Amino acid sequence: MRLIQNMCTIAEYPAPGSAAADYCLGAAGRRLVKIAVVGASGVGKTALVVRFLTKRFIGDYERNAGNLYTRQVQIEGETLAIQVQDTPGIQVHENGLSWTEQLNRCIRWADAVVIVFSITDHKSYELIGQLHQHVQQLHPGARLPVVVVANKADLLHLKQVDPQLGLQLAGMLGCSFYEVSVSENYNDVYNAFHVLCKEVSHRQQPSSTPEKRRTSLIPRPKSPNMQDLKRRFKQALSAKVRTVTSV
Ligand SMILES: Nc1nc2c(ncn2[C@@H]2O[C@H](COP(=O)(O)OP(=O)(O)OP(=O)(O)O)[C@@H](O)[C@H]2O)c(=O)[nH]1
């Protein structure tokens, strides 16, 4: 759903690489992490995004047209600019899921994706596998970091999905998993985004991989200069002459 009282919307569905999309990076010279939040309708995507951005739970929204929000996050001592793209709920039709061009553009734009389902809605859980596959298909050649979030953990009396199933599925897909109640707990929401930002941040710094660090610490042998070579050649020659004379 769409937040009635807009806070820090920059643009709606920015084209990748557009001025709006790179606003944060350009303005502050910070590294930028772009996150898309996807899932079925009504699972709490907007509530999750708003909670992450403002720490507040606001239960009153309009239907989502897809807003882009921004904030800054400290990751391992560095301040990163985070852009979070809220998306409209995935529509399920008789012949499968419908992927709008808007949604595809968002997923292509993103460095990482949050897939949300609600423990009160089994159908929203059933979409996760397809959603994950679709996300990876739109990023051929690069495995995009994805976190699976099971929301509405407070509504135990309406539970249709055991969060344990979410954990298992996320494990099978190679994703992190968080069970949250957006309405009751800020920390879990923050942690889900934080782990994703950290993963993206590490990927953006290929030079800081342990392998690269290790090689950069090994001193390169100095190539001998011509003077040095001449000196060594003379030394070797005179030693040979001495040996020959002494025979
Ligand atoms: N009890 C409870 N309600 C929640 C929670 N998270 C969201 N909701 C409510 O669930 C409803 C749907 O939340 P939204 O954030 O609008 O869901 P959405 O996924 O953005 O929905 P679409 O825009 O239709 O795709 C709202 O009434 C929220 O207040 C939660 O953790 N617990």
Side-chain angles (χ1 to χ4, degrees), residues 1-13 35-71 82-93 96-107 109-110 112-128 130-132 134-135 146-167 170 177-194 196:
M1 289 192 177
R2 181 179 183 159
L3 186 66
I4 287 172
Q5 175 201 2
N6 255 352
M7 303 157 302
C8 48
T9 303
I10 295 173
E12 296 202 349
Y13 290 107
I35 298 175
V37 179
V38 301
S41 188
V43 294
K45 296 182 297 297
T46 306
L48 179 85
V49 172
V50 172
R51 185 70 139 150
F52 172 60
L53 294 162
T54 67
K55 295 192 179 178
R56 289 163 60 212
F57 174 68
I58 305 165
D60 195 11
Y61 309 97
E62 291 172 0
R63 278 200 82 75
N64 189 349
N67 285 348
L68 179 72
Y69 304 97
T70 183
R71 72 167 274 184
I82 311 293
Q83 287 185 337
V84 185
Q85 178 71 64
D86 190 8
T87 64
I90 309 278
Q91 300 300 317
V92 185
H93 296 295
L97 305 185
S98 71
W99 310 105
T100 61
E101 192 38 47
Q102 263 187 340
L103 184 64
N104 287 345
R105 204 152 19 112
C106 277
I107 295 173
W109 161 87
V113 169
V114 180
I115 299 180
V116 190
F117 75 96
S118 164
I119 66 153
T120 65
D121 176 1
H122 200 274
K123 285 204 164 58
S124 71
Y125 165 75
E126 290 165 17
L127 300 186
I128 295 175
Q130 287 179 70
L131 255 172
H132 182 267
H134 189 68
V135 165
V146 173
V147 66
V148 174
V149 169
N151 187 28
K152 306 198 185 182
D154 55 297
L155 297 178
L156 283 174
H157 56 294
L158 298 174
K159 187 164 89 174
Q160 290 183 5
V161 188
D162 187 337
Q164 199 61 26
L165 288 175
L167 176 65
F177 174 78
Y178 282 85
E179 183 189 354
V180 307
S181 165
V182 170
S183 66
E184 297 198 346
N185 190 317
Y186 167 72
N187 286 341
D188 294 337
V189 171
Y190 178 81
N191 288 339
F193 279 94
H194 193 263
L196 212 48

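Below, all heavy atoms of this structure are taken into account, side chains as well, without hydrogens, waters or symmetry copies. Atoms within a ligand are numbered from 1 in the order they appear, just like the ligands themselves. Remember, predicted model here, so these are calculated numbers, not experimental data.
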Could you pull out the closest heavy-atom pair between [X] and [Y], with the gap in Å?
X: F193; Y: V84; value: CE2-CG1, 4.0 Å
X: A192; Y: V147; value: O-CG1, 4.1 Å
X: A47; Y: V182; value: O-CG1, 3.3 Å

Can you sort out which atoms of ligand 1 are near [X], meaning under 4.0 Å from one of its heavy atoms?
X: V182; result: 6 (N), 31 (O)
X: D154; result: 1 (N), 2 (C), 30 (C), 31 (O), 32 (N)
X: S181; result: 31 (O)
X: A47; result: 6 (N), 7 (C), 15 (O)
X: G89; result: 25 (O)
X: T46; result: 15 (O), 20 (O)

Parallel, tilted or perpendicular: ring planes of F52 versus Y190, cut at 30 and 60 degrees: tilted

Note, N185 side chain near V180 side chain (heavy atom, < 4.5 Å): no

Geometric N/O contact [X] with ligand 1, under 3.5 angstrom:
X: G44; value: yes
X: L155; value: no
X: G42; value: yes

Worked check of side-chain contact (heavy atoms from CB on, under 4.5 Å) between Y69 and V49: CA-CA 8 Å; Y69 304 97; V49 172; 3.5 Å; yes

Mode of N151 contact toward ligand 1 - side chain, backbone, both, neither (heavy atoms, under 4.0 Å):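 Within the 4.0 Å criterion, N151 contacts ligand 1 through side-chain atoms alone.
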
Tell me which donor-acceptor pairs under 3.5 Å the side chains of residues 156-165 have, and how far apart each pair is, sequence neighbours excluded?
unit_1, atom_1, unit_2, atom_2, d
Q160, OE1, H122, N, 2.7
Q160, NE2, T120, O, 3.4
D162, OD1, Q164, N, 3.0

